[in-house]
Amino acid sequence: MKQEIIDIAKKYDADFVGFAPASRFDKNDNIFKIFPDTKTVITLGFRVLRGIYKGIEEGTTFYQYTTMGVETLEETVMPLAMLGVCNVLEDNDFYAIPQKNNQLIMEEENDTNPEMDYTDIMRGIKKEVQVNFKDAAVKCGIGEMGFHGAVLTDEFGPFQRFCCILTDAEIEGDDVKEPHLCDGCKECVKACHGNAIDDNGKTDNWRCAVYYNGANRHKNPFMPPEAFCEFENRKEIIDGVAKFDIDGAKEIIDNIYFYPPAKQSYRTSICGRACDRACYIHLEKKGVLTKKYAMPLRRGDDWYLDDK
């Protein structure tokens, strides 16, 4: 059955299929709150195509990352693969509990998800629990945790997204990978357009949201000359160094109307996950990624726009 699961997941475009026994998870982990009889966690990983980042990397096309690399994967490709795996498990008389990331639900009252429109996020939903997808991917042997919180794989570095299935079927687990990719270079920290990642690798999600949306003038070709003119700290905002609280972050985001959002509350990423791209470029230059390409992701220096 394990091989049948792998085959059907890959038929529906999963690049990774990992298995972990429930014993690898803490007894208070959300997997047991969702399904107390969980015996195995199955994680499916899907690459975000390298070419999807290329337009942002070159400063030419920005919508593909969000529409294809986030929205299409999360809302179309990944659910089909999960359903295929769940059908196999149910055909073998086991429960199969699909776990898709609901990015509009948060337990925390004052946090946000940079990928979503902050006004659409439902906060303080304590009774709705979700799988920690990145933690599950690591425990299922798919990859290791990088410095800035992205799961890194040997094939694609930080370029993938995950979903899970919980089941009462006992399936042999895969080996957890020994960390070997992340060398703590902090290229992710240096690459962030808004200094949202601190020296310990922790991300301020509100700062991330502001600059994910494109508040840095030097990395946003759509920003008009009059942008943020009513803000006293305009120069600091567009330089990526402004200090602000949550209300300040909301006000800045509310004044970013330079590029249309995607559907289903997904915000267009003007930063194009600069942290992930910097991580990938570092790993590619080191030659440690097993998936090789004829052309490097970055050729020459990164682009930068002067002040208007």
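Numbers here simply count residues along the sequence, with the first being 1.
- Interatomic distance, CG of Asp302 versus CD1 of Ile281, reported as 7.0 Å (0.5 Å rounding).
- With hydrogens and angles disregarded, no donor-acceptor distance shorter than 3.5 Å links the side chain of Arg267 to the backbone of Pro260.
- Checking side-chain atoms of Asn87 against main-chain N and O of Leu83 turns up a donor-acceptor pair under 3.5 Å.
- To the nearest 0.5 Å, atom CD1 of residue Ile270 and atom CD1 of residue Ile56 are 7.0 Å apart.
- With hydrogens and angles left out, the side-chain atoms of Glu170 and Thr40 include no donor and acceptor closer than 3.5 Å.
- Heavy-atom neighbours of Glu230 CD from other residues, nucleotides or ligands within 6.0 Å: above the threshold of 12.
- Side chain of Asp15 to main chain of Arg47: a donor-acceptor pair is present (N/O by atom type, distance under 3.5 Å, no hydrogens or angles).
- Using a 3.5 Å distance cut-off with no hydrogens or angles, the side chains of Glu251 and Asn255 do not pair a donor with an acceptor.
- For Lys292, the NZ atom counts as densely surrounded, since its 6.0 Å shell holds more than 12 non-hydrogen atoms of other residues, nucleotides or ligands.
- Evaluated for a ring pair (Phe, Tyr, Trp, His ring centres under 6.0 Å) with Phe16, the options Phe162, Phe46, Phe156 yield exactly one hit, Phe156.
- From Tyr266, atom OH reaches atom CE of Met116 across 5.0 Å, with rounding to the nearest 0.5 Å.
- Side chain of Thr167 to main chain of Ala169: a donor-acceptor pair is present (N/O by atom type, distance under 3.5 Å, no hydrogens or angles).
- Listed here is the closest heavy atom pair of Arg273 and Cys208: NH1-SG, 4.3 Å.
- Using a 4.0 Å cut-off between a side-chain N of Lys or Arg and a carboxylate O of Asp or Glu, Glu187 and Arg298 do not qualify as a salt bridge.
- Annotation for Glu226: atom CD counts as buried by contact number, over 12 foreign heavy atoms lying within 6.0 Å.
- A parallel orientation is assigned to the rings of Phe159 and Tyr53, their planes being inclined by less than 30° (bins at 30° and 60°).
- A donor atom on one side chain and an acceptor atom on the other are found under 3.5 Å apart for Asp154 and His180.
- Of the possible polar contacts, none joining the Arg217 side chain to the Leu305 backbone as a donor-acceptor pair under 3.5 Å is found.
- Pairs passing the ring pair (Phe, Tyr, Trp, His ring centres under 6.0 Å) check and including a residue from residues 195-219, sequence neighbours excluded, read Tyr118-Trp206, His218-Tyr304.
- Ion pairing between a basic and an acidic side chain is recognised when a charged N comes within 4.0 Å of a carboxylate O; Asp168 and Lys39 show no such pairing.
- Put simply, the side chain of Asp239 never gets that close to the backbone of Val241: no donor and acceptor are under 3.5 Å apart.
- The existence of a salt bridge linking Arg50 and Glu284 is confirmed by a sub-4.0 Å separation between a basic side-chain nitrogen and an acidic carboxylate oxygen.
- At distances below 3.5 Å, at least one donor-acceptor pair connects side-chain atoms of Asn195 with backbone N or O atoms of Gly240.
- Remark: the backbone N or O of Cys182 is paired with a side-chain donor or acceptor of Glu144 at under 3.5 angstrom.
- Within a 6.0 Å radius of CE in Met145, other residues, nucleotides and ligands contribute more than 12 heavy atoms.
- Electrostatic pairing of Lys250 and Asp254 does not count as a salt bridge here, judged by no charged N lying under 4.0 Å from a carboxylate O.
- Remark: Glu74 engages Arg161 in a salt bridge, criterion side-chain N to carboxylate O under 4.0 Å.
- Residue Phe231 qualifies as enclosed at atom CZ: its count of foreign heavy atoms under 6.0 Å is above 12.
- Within the 4.5 Å cutoff, the side chain of Met82 has no heavy atoms near those of the Tyr12 side chain.
- Between Glu75 and Lys100 there is a salt bridge, since at least one side-chain N of the basic residue sits less than 4.0 Å from a carboxylate O of the acidic one.
- Surrounding CZ of Phe133 are more than 12 heavy atoms belonging to other residues, nucleotides or ligands, all under 6.0 Å away.
- The number of heavy atoms from other shown groups lying within 6.0 Å of NZ (Lys286) is above 12.
- Checking side-chain atoms of Arg277 against main-chain N and O of Gly272 turns up a donor-acceptor pair under 3.5 Å.
- Residues Gln99 and Leu166 form a side-chain contact, since some pair of their non-hydrogen atoms from C-beta on lies under 4.5 Å apart.
- Two residues are said to be in side-chain contact when any heavy atoms from C-beta on lie closer than 4.5 Å; Met1 and Leu89 meet this criterion.
- Here Gln130 contributes atom CD and Asn30 contributes atom CG; the two are 8.5 Å apart, rounded to the nearest 0.5 Å.
- Between Phe25 and the options Ile31, Asn132, Val131, a side chain to side chain contact (heavy atoms under 4.5 Å, CB included) holds for only Ile31.
- One N or O on the side chain of Lys134 and one on the backbone of Gly149 form a donor-acceptor pair closer than 3.5 Å.
- Between Phe222 and Phe62, the distance from one ring center to the other falls under 6.0 angstrom.
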